[in-house]
Amino acid sequence: MAGSAPTSSTPALADLFTPKLVTVLREGYRLDDLRADAVAGLTVAIVALPLSMAIAIASGTTPERGLFTAAVGGFLISALGGSRFQIGGPAAAFTVLVASTISRHGLDGLLLATIMAGAFLLLMGVFRLGSYIKFIPYPVTVGFISGIAVILFVGQLHDLLGLTLPGADPADILPKLAALAAAIGTLNPAALGIAALSVATIVGLRRWRPHWPGILIAVIATSLIGALLHLPVETIGTRFGGIPSTLPIPALPPFSLDKVQAVLPDAVAFALLGAIESLLSAMVADGMTGRRHRSNMELVAQGIANIGSALFGGICATGTVARTATNVRSGARSPLAGMFHSVFIVLFMLVAAPLASFIPLAALAGVLVVVAWNMAEKTAFATLLRTSPGDAVVLLATFGLTVFRGLTEGIVVGFALGALLFIHRMAQHAGVEVHVPPVPEDQADASRPPYDPAIATDPDVAVYRITGAFFFGAAATVGAVLERIADQHRAFVIDFSAVPFIDSTAANTMDGIARKAARHHVVLLISGATPAVRKSLAAHGVSAPTVLFERSIAAAIGAAHTEIARRHSTEVSAPA
């Protein structure tokens with residue numbers, strides 16, 4: 001229609017940074033939507049209550065800090081996030097990092113690192129880096145998630161077996177295993193029985209009654225058994241003295257420049273893992289619902305949520321796959337379900353906080369053992385080991401470093417190895433074909449005829465064809481072939497029709513080849529180059545009249561013979 005505004009497939013900036021809650025309310029929100037979200041929020045809260053406390057304890061802090069995280073961080077993630085169904089809170093993947101940070105910098109250091117991580121996540125979202133998180137190689141993701149699962153499992157053995165250690169529980173896995181082995185004589189059969197019952201209840205209900213809240217039922221059942229039978233097992237009450245019934249007053253942790261510098265690596269690790277975990281969870285929700293999340297708005301919300309969580313004394317908050325999937329399966333329709341989930345957790349603290357004192361730590365350890373088992377990418381791990389030696393190296397390096405060195409080292413080294421593997425594979429697919437026949441414009445490369453003998457025996461013109469991305473990884477190999485300009489040829493054609501991309505290293509290589517051709521008085525022609533490739537070549541000096549550009553190989557061969565004849569005529573007519 002005349003006068004109508006032009007349409008664009010590129011989303012506007014305002015759309016990219018609009019919370020999904022606003023989108024939902026704009027579309028229209030009815031009473032039945034509110035009812036469905038309230039039911040879903042209650043269902044997720046039932047799952048999140050024991051899990052949040054268990055994750056906080058496994059992280060080396062007190063159980064209420066997990067509830068603070070789910071209440072404050074979870075509310076902000078849902079209210080401001082870019083996903084309709086994301087459920088935020090403490091995540092099992094963070095237990096290793098959080099425990100390590102507390103052991104080195106104390107609780108104040110953890111809260112400061114969480115606030116800094118929130119600021120980093122906020123900036124990542126503002127600068128629209130959310131799309132790039134997806135480029136982390138799959139073997140790296142599988143490796144560090146599986147590594148975290150192993151560490152999480154080992155971390156539960158202390159409470160699972162009811163062991164009594166003579167000193168503090170070591171943070172690193174090898175010293176931890178040594179300390180646990182030395183204390184095996186203190187095994188508490190009652191604690192082991194409670195943990196086994198917890199695991200059996202969760203696994204059994206998941207199989208036979210999958211819609212029942214297995215984790216909550218397991219925790220309640222084992223708490224009742226422990227209290228009624230007066231079992232000699234450690235509980236939240238005996239170790240921590242219970243949990244408070246209200247949220248604390250928000251406050252900044254003490255900080256200094258030295259403290260900021262000390263916790264900076266931890267903050268970066270929190271931000272990186274939080275971005276990966278939250279966007280992975282949002283993508284799972286997209287796959288289950290057919291919706292699309294706004295990745296950069298999600299990172300902004302994650303950043304604000306982590307700052308808010310730390311101000312209220314909580315730990316790192318992120319989107320969680322299991323709770324988000326539960327939210328979707330429970331019939332959630334909007335981010336209000338996640339907000340209800342946080343409200344129900346606060347109500348639990350107000351009404352039932354004293355009851356948490358009876359929860360056996362062995363029961364929560366059993367819960368996290370199930371979480372660790374489900375977290376481990378067992379099938380994907382085995383598949384990557386079988387199918388690709390290169391991916392297996394990346395996987396094992398990431399897994400090993402995550403378990404024995406740390407998550408940051410695992411991700412950095414795994415990503416670097418993955419990038420090198422990608423470059424190697426891309427370079428292998430880049431090559432040079434010699435004496436390539438002319439290809440009709442409407443004929444696919446796959447059906448190209450055999451080499452044309454007429455071209456192969458042409459005494460004047462040689463034809464080369466570059467295939468694949470021409471970049472720094474392939475520049476040396478391709479350049480070595482092209483530099484071998486045969487003395488018997490007076491012109492050579494380089495076909496770029498199968499080159500989708502050229503970088504500055506490859507363009508500089510072509511400049512060197514063009515200069516060498518000019519010194520040898522050899523005509524250089526380039527055929528089939530896209531406008532983008534021609535622009536890159538021209539920026540490095542590869543342009544007319546030093547190099548002639550033609551649309552196809554056939555046209556380039558004709559132009560080569562014409563130029564050879566012109567030069568020959570000029571030489572003959574030149575005065576002696």
Side-chain angles (χ1 to χ4, degrees), residues 19-25 29-56 62-91 118 213 215-216 219-220 242-250 278 281-282 285 298 301-302 304-320 322-356 359:
K20 281 289 184 177
L21 178 61
V22 174
T23 303
V24 168
L25 296 179
Y29 193 75
R30 301 180 303 274
L31 184 60
D32 59 335
D33 296 324
L34 180 66
R35 188 181 300 110
D37 283 336
V39 171
L42 177 60
T43 304
V44 176
I46 290 171
V47 174
L49 277 168
L51 201 54
S52 297
M53 290 188 287
I55 290 171
T62 52
E64 70 271 12
R65 297 192 183 276
L67 298 178
F68 299 161
T69 308
V72 178
F75 187 90
L76 292 172
I77 286 171
S78 295
L80 303 176
S83 170
R84 289 175 182 260
F85 308 103
Q86 184 83 280
I87 298 295
I215 293 177
L216 185 64
V219 170
I220 292 175
I243 63 173
S245 58
T246 59
L247 289 173
I249 298 173
S278 62
S281 177
E298 187 64 28
Q302 297 287 336
I304 296 172
N306 274 276
I307 295 172
S309 175
L311 292 178
F312 280 87
I315 59 177
C316 299
T318 186
T320 56
R323 276 161 273 174
T324 298
T326 301
N327 189 40
V328 173
R329 287 194 293 263
S330 300
R333 299 183 184 179
S334 79
L336 281 166
M339 297 163 68
F340 276 126
H341 133 268
S342 297
V343 170
F344 284 127
I345 286 178
V346 174
L347 291 176
F348 166 79
M349 293 176 61
L350 291 172
V351 175
L355 299 178
I359 298 176

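All figures in this text were calculated on a predicted structure; none of them were measured in a lab.
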**Prompt:** Can you list every pair that meets side chain to side chain donor-acceptor pair (under 3.5 Å) and has a residue in residues 334-346, with sequence neighbours left out?
**Reply:** Asp37-Ser334
**Prompt:** What do the steps show when you test Leu67 against Ile243 for side chain to side chain contact (heavy atoms under 4.5 Å, CB included), and what is the final call?
**Reply:** CA-CA 9 Å; Leu67 298 178; Ile243 63 173; 3.6 Å; yes
**Residue pair Val346, Phe75: steps toward the side chain to side chain contact (heavy atoms under 4.5 Å, CB included) verdict** = CA-CA 11 Å; Val346 174; Phe75 187 90; over 6 Å; no
**Item:** Distance, nearest 0.5 Å, that separates OG of Ser309 from CD of Gln302
**Value:** 11.0 Å
**Message:** Using every non-hydrogen atom in the two residues, find where Gly89 and Thr320 come nearest and quote the distance to one decimal.
**Reply:** O-CG2, 4.1 Å
**Request:** Begin from the C-alpha positions of Arg333 and Asp32 and carry the test side chain to side chain contact (heavy atoms under 4.5 Å, CB included) through to its verdict.
**Result:** CA-CA 10 Å; Arg333 299 183 184 179; Asp32 59 335; 3.4 Å; yes
**Item:** Heavy-atom closest contact (Pro90 atom, Ala70 atom, distance)
**Value:** CD-N, 3.8 Å
**Asked** What are the two closest non-hydrogen atoms of Ala91 and Ile55, and how far apart are they?
**Response** O-CG2, 3.6 Å
**Minimum-distance pair of heavy atoms, taken over all atoms of Ser78 and Gly338** = OG-CA, 3.2 Å
**Set of residues satisfying side chain to side chain contact (heavy atoms under 4.5 Å, CB included) with respect to Ser281, sequence neighbours excluded** = Gln86, Val321, Thr324
**Prompt:** Does Thr69 reach the side chain of Ser52, with side-chain heavy atoms less than 4.5 Å apart?
**Reply:** no
**Request:** Could you list the residues that satisfy side chain to side chain contact (heavy atoms under 4.5 Å, CB included) with Ile220, not counting sequence neighbours?
**Result:** Leu216, Leu224
**Complete:** CD1 of Ile345 to CZ of Phe68, rounded to nearest 0.5 Å, is 12.0 Å
**Asked** Where do Arg84 and Thr23 land on the side chain to side chain contact (heavy atoms under 4.5 Å, CB included) test, with the steps shown first?
**Response** CA-CA 9 Å; Arg84 289 175 182 260; Thr23 303; 4.2 Å; yes
**Asked** Does a salt bridge link Asp33 with Arg30, judged by any charged N lying under 4.0 Å from a carboxylate O?
**Response** yes
**CE on Met53 to CD on Glu64, rounded to 0.5 Å** = 10.5 Å
**Message:** Looking at every non-hydrogen atom in both residues, tell me the closest pair between Pro50 and Val47 and how far apart they are.
**Reply:** CD-O, 3.5 Å
**Asked** Quick one: CZ on Phe344 to CZ on Phe348, what's the gap to the nearest 0.5 Å?
**Response** 14.0 Å
**Contacts of Leu355 that satisfy side chain to side chain contact (heavy atoms under 4.5 Å, CB included) - sequence neighbours left out** = Ala352
**Fill in**
Those residues at least two apart in sequence (or on a different chain) that pass side chain to side chain contact (heavy atoms under 4.5 Å, CB included) with Ala305 are Leu76, Ile77
**Message:** Could you check whether any side-chain heavy atom of Leu42 comes within less than 4.5 Å of a side-chain heavy atom of Phe340, counting everything from C-beta outward?
**Reply:** no
**For Arg323, salt bridge (Lys or Arg N to Asp or Glu O under 4.0 Å) partners two or more places apart** = none
**Prompt:** Does Asn306 use its side chain to pair, donor to acceptor, with the backbone of Ala317 at less than 3.5 Å?
**Reply:** yes
**Asked** So which heavy atom on Asn327 is nearest to which on Phe85, and how close?
**Response** ND2-O, 3.0 Å
